[in-house]
Chemist: 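The following block contains the structure, expressed as structure tokens.
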2 protein chains.
Amino acid sequence: MALKTNETTFVLKEINNGFQIVADGRLLFHHSVQQPMLYVGYGEETINMYRGNFDIHDYVVERIGLRYVDVVQTENGFQLSFSKFDGGPTDLEILLAEEDGKVKLHFTKRSSEINRLWLRVQADGKEKVYGCGEQLSHFNLRGKNFPLWTSEPGVGRNKNTYTTWQADVKDKAGGDYYNTNYPQPTFISTKKYYCHVETTAYADFDFRNDEYHELQIWDIPKYVLFETAESYVELVEKLTDVFGRQPELPDWTYNGIWLGLQGGTDTVQKKLDLALEKGIKVGGVWCQDWQGKRITSFGKRLMWNWRWNSDEYPNLDEKIKEWKAKGIRFLGYINPYVAVEGDLYETAADHGYLALNEKGDIYLVDFGEFYCGVVDFTNEEACSWYKSVIKENMIDLGLDGWMADFGEYLPTDVHLHNGVSAKIMHNAWPALWAKINYDAVSEAGKLGEVTYFMRAGYTGIQKYCTLLWGGDQSVNWSLDDGLASVIPAALSSGMTGCGLHHSDIGGYTSLHGNKRSKELLLRWTDMATFTPVMRTHEGNRPDDCFQFDGDEETLQHIARMTGIYVRLAPYTKDIVKENAQKGIPVQRPLFMHYEEDNNAYDIQYQYLYGRDLLVAPVYEEAATHWTVYLPEDEWVHVWTGKEYSGGYTEVEAPIGEPPVFYRKNSSYKELFESLTK
Amino acid sequence: MALKTNETTFVLKEINNGFQIVADGRLLFHHSVQQPMLYVGYGEETINMYRGNFDIHDYVVERIGLRYVDVVQTENGFQLSFSKFDGGPTDLEILLAEEDGKVKLHFTKRSSEINRLWLRVQADGKEKVYGCGEQLSHFNLRGKNFPLWTSEPGVGRNKNTYTTWQADVKDKAGGDYYNTNYPQPTFISTKKYYCHVETTAYADFDFRNDEYHELQIWDIPKYVLFETAESYVELVEKLTDVFGRQPELPDWTYNGIWLGLQGGTDTVQKKLDLALEKGIKVGGVWCQDWQGKRITSFGKRLMWNWRWNSDEYPNLDEKIKEWKAKGIRFLGYINPYVAVEGDLYETAADHGYLALNEKGDIYLVDFGEFYCGVVDFTNEEACSWYKSVIKENMIDLGLDGWMADFGEYLPTDVHLHNGVSAKIMHNAWPALWAKINYDAVSEAGKLGEVTYFMRAGYTGIQKYCTLLWGGDQSVNWSLDDGLASVIPAALSSGMTGCGLHHSDIGGYTSLHGNKRSKELLLRWTDMATFTPVMRTHEGNRPDDCFQFDGDEETLQHIARMTGIYVRLAPYTKDIVKENAQKGIPVQRPLFMHYEEDNNAYDIQYQYLYGRDLLVAPVYEEAATHWTVYLPEDEWVHVWTGKEYSGGYTEVEAPIGEPPVFYRKNSSYKELFESLTK
């Protein structure tokens, strides 16, 4: 007997000793006594944090297949009552229903002894999966498992490298392929469905098995959602219907690069003058030290008391107006912590806005030679206060943007106002932090005018974060933590519904001997030209990093590339708008528009920039030529005008001419042709 | 109702929803529905080997507490029938009985779906445990888990060190704290019992929990054995009653050092002449290249075709006689593999003596730039043949000893003659290899005259291995892989019933920049003087290692220390005899004779050498003084005659005067006093 509801897009098909759940022809679940779709159990985790790097272990005391199930048809689906053993009590219940074209599995725990769940989604050997937030080492996630826990991404992120080894030994900070600021328990399958697990608990999605994806969750999720589509474009549209979409970027963005400068009003003015004199198009001046700085052994760090530091930046209020008049906006910096030395800490402490430790005292987090309180975003009053800090101290001063840093450090032993375990709130924090920013900007009536960029993310970030940035890359050419890593990062976050991405030009972290070379800065500039936002960063140790004003050639290079960025802006605006309206990411994997091309699914270091441009950044040192994969189409090489059809091809790739191709029959053809002029 | 058998040393005491098993007042097991003593389940392991280094992962599909038990009293104990579910079928049965004063749990699997078992032995927070074979990093095993799988111990064995990182990156060979050539699923608890699990499957003993030790076994063990005693001396005696004991060392051992020499007859003769001329007492000349050598990128390697190489060693048959007449024996080298280039390989291949791959072809193991067949010790005929190789090619030639190297490399995908999975036979291999040697020597009528030394071990090695050596230490001062690591190695193998231990003087492995210094060689000589056998090794890269003949001072130093070794021989012989008769190890932890001294249980870099000497080797570079812990007693510092009572004390510790103390009221007092003369 095949159980089927007429209204729904799915069928529950009875098989020997079990059933299968099929949605629009896709086999999602297979359940039988021999091969249960669910395992539950009990684990005792240990979670240790050191400056945003988490050491997480689970001792799985019990893990049991829920082999026995009782199926009852309901009005719009089925009630599945699972038991560990034949005739035993129900341990877990799933209400399976169709909702707005989606298949929803609503979970209810019936046994108190369960705190772990492993759900097996049917797979096949050829299937590929993408998403899971912002993944920096792997775009296709098949063949690996991905712990989903927002954290520092790590320095080096590859145990074979010297940088990672040193970072591990000295700071427990080396990281690994799965560490990311922005994880999310959501993936897209090449079977053309998305799967989203609604939970903020620690999760680990394991894509190593040919027959199934095993989704491990350290809690019973609220629900699991599936939706199918006929194309990837339709799929991301449906996905972002659920999560929300980023608004468009403010128009001033397209005036030029956001120069990351530091050192006070005079220094910034001088560097800006030089940039403008050299013909660099500048859209913004981004001064993270607008609120003061401190020096630690890691490098230059900020003061973390979120108000204008007029010692460091005399006259800034006037300067902001002056720069704005020239089309150059001022951007600052904030994060969800307040340093113990500041007056904001004092206010927050007095009003009970800070998270507490188990003794009921204010919890202090070690950020590397300085300590901060955690603003408790589960406390409505604390949120209101922090929004007022943003509105009064930042927006009212004239800031048109900022880095909304951090979000991934919430310690798991902190005590929060809402009484929920910090182990559950940890992954929720990035979206809460994004929402604070979003609401502050909204309440100030500045949405669409003021923007902010974040590295931390999780489910819900899509709606509340105006722009992602790829976090703190190492200032080198490493695949896992250098220039290249930014590309899968943009693609995977795009497939998770976050279609606006950019990165620190030149990378950020210079530790353990890494120093930013001129060549790296130039190549990174070339790549950033074909992202929605160009922004430089001096790095954690500016003296160890080649800077935008490092020499005449660099200044001229950036002048030329920002010119190209500005000329491309009409196209960029259109694809940013498409992201805002439909959730189709600005940077797209090749397969999104070339579904029939098998090769396209494995290309993780190239991207389509909108529908009509293909970008293949040069990510190796000393390269003169570059091999590019082109899906079957008519392509024109931007710099030479030479035409190509599909396949692998090698092109000359000098600095300043990153391998970029446009579609010959694009309606933006003239615009693309103008780029070289 | 307390169930109790009159005949036995244990009681099974009924408690609410379960029972407790108590042996002579020691609570061994607590079982209740809430806290079962047993978990069973199903795992899918992946095991990859690279040159003796194993990468082992388990995917635990299911792990279930056997909460429900039916207890039936039997003639000499109880039958415990465990079920997963109340009223469910029996999954596992334990026959609990007393046998010769031991508590024996005999396991029978009743469900075919089980291939993993986790047994919880009750513990308390203060308890300490020792043993588990030869452990190089930790003597007290509490606070860590110990995978028990014979393998290369690793180069560096500490992920924080450069050596380990390089070894991992280049050769997957860095290892970790638990990697050892000689693991064994047997431990001794400070509750004064031993626990032995009879299995050769992969196991992992986890001593991290305050309440219990969790013994994981990738199979259902045949039985688990417990025995209690009133003292540690009694406990090791009982333990070695079970496993057997090493015979005494041949008398010629005590003639002096075994010089590890290479390079052919002339070179060896010259070096020996020099040694004798300088007054070095020599008991043996150990030439591992007696059967030829090859050069690889690792260093000098051997030919692995086990017969006299008369090109390399012309006239060796006569030389052996000549040396023997002077009291100097000749020792060689063999291991359980035959290199493809040799005639032994050909013979073995022709007769079907070699293990096969899944296709039925001979399985070739990569030993680093050369390949070998695996002599199949599950084939009686292969064993007879290999014994004949030892008897005819080695003993008949006049060899009085050899390094019986390897034993820990058996690949898990090899197909064996007895049809048992290589995953089960892997850990059995060292004892099979030991037995080949033992039987060959026995059959030649040479037990007590011929000796051999091994690094690989497992249950059963106690009886069949005449002497352990600590494996391939790095030629440095590292705690985990240098000089110091040999001390916990000797102590833990001693607590597992293997009481005869020694090591390569100066260590063996010089890779990734490690070079053996003169100071290291001298300090190692000092330590070896107070072990049953002194033996040098040129190392894997002799040119990177300071050698015994490196300079005049070293030669004189070794002459002096071998003199001390020889003078101490009457005492050494007595304690070696004690080991042979009672299994009391030659090198003993301080607590073995000072049970009331709490500090003694945490001292892992000192040892009692027999009852009356305390040795605290200097294991740090450039030390001039050394802090020693002395249990409460009357101690005399060997070199100064100064008297000490208990506590921490600092003594001068120049090279040549390792911190060694004797008990003032020892019957060997005069002998000890003579050492400095």
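Just so it is clear, the structure is predicted and the values come from calculations on it, not from any experiment. Each chain gets a letter, A, B and so on, in the order the sequences are listed, and its residues count up from 1.
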Chemist: CD of Glu44(A) to CG of Asn209(B): how many Å apart, nearest 0.5 Å?
Modeler: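 That separation rounds to 7.5 Å.
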Chemist: For Trp165(A) versus Lys159(B), what's the shortest heavy-atom pair and its separation?
Modeler: NE1-O, 3.1 Å
Chemist: Just wondering, more than 12 heavy atoms not from Lys172(A) lying within 6.0 Å of its NZ?
Modeler: no
Chemist: For the residue pair Phe85(B) and Lys84(A), what are the closest heavy atoms and their distance?
Modeler: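 That would be CZ-O, 3.9 Å.
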Chemist: If you count heavy-atom pairs within less than 4.5 Å of chain A, which of Tyr39(B), Trp118(B), Tyr59(B) leads?
Modeler: Tyr59(B)
Chemist: Using every non-hydrogen atom in the two residues, find where Ile64(A) and Arg63(B) come nearest and quote the distance to one decimal.
Modeler: CG1-O, 4.0 Å
Chemist: For each of Arg208(A), Glu113(A), Arg120(A), tally heavy-atom pairs with chain B at distances under 4.5 Å, and name the one with the top tally.
Modeler: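 Looking at each of Arg208(A), Glu113(A), Arg120(A) in turn, Arg120(A) comes out on top.
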Chemist: With a 4.5 angstrom heavy-atom cut-off, could you sort out which part of Tyr42(B) is near chain A: side chain, backbone, both or neither?
Modeler: neither
Chemist: Where on Asn160(A) is there a heavy atom nearer than 4.5 Å to chain B: the side chain, the backbone, both, or neither?
Modeler: both
Chemist: Enter the distance from Arg67(B):CZ to Glu62(A):CD here, rounded to the nearest 0.5 Å.
Modeler: 4.0 Å
Chemist: Determine the option with the most heavy-atom pairs under 4.5 angstrom with chain A, choosing from Val169(B), Asp168(B), Asp206(B).
Modeler: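 Going by pairs under 4.5 Å, I would pick Val169(B).
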Chemist: Using non-hydrogen atoms and a 4.5 Å limit, figure out which bit of Val61(A) sits close to chain B: side chain, backbone, both or neither.
Modeler: both
Chemist: Checking Gln166(B) against chain A: side chain, backbone, both or neither under 4.5 Å from a heavy atom?
Modeler: neither
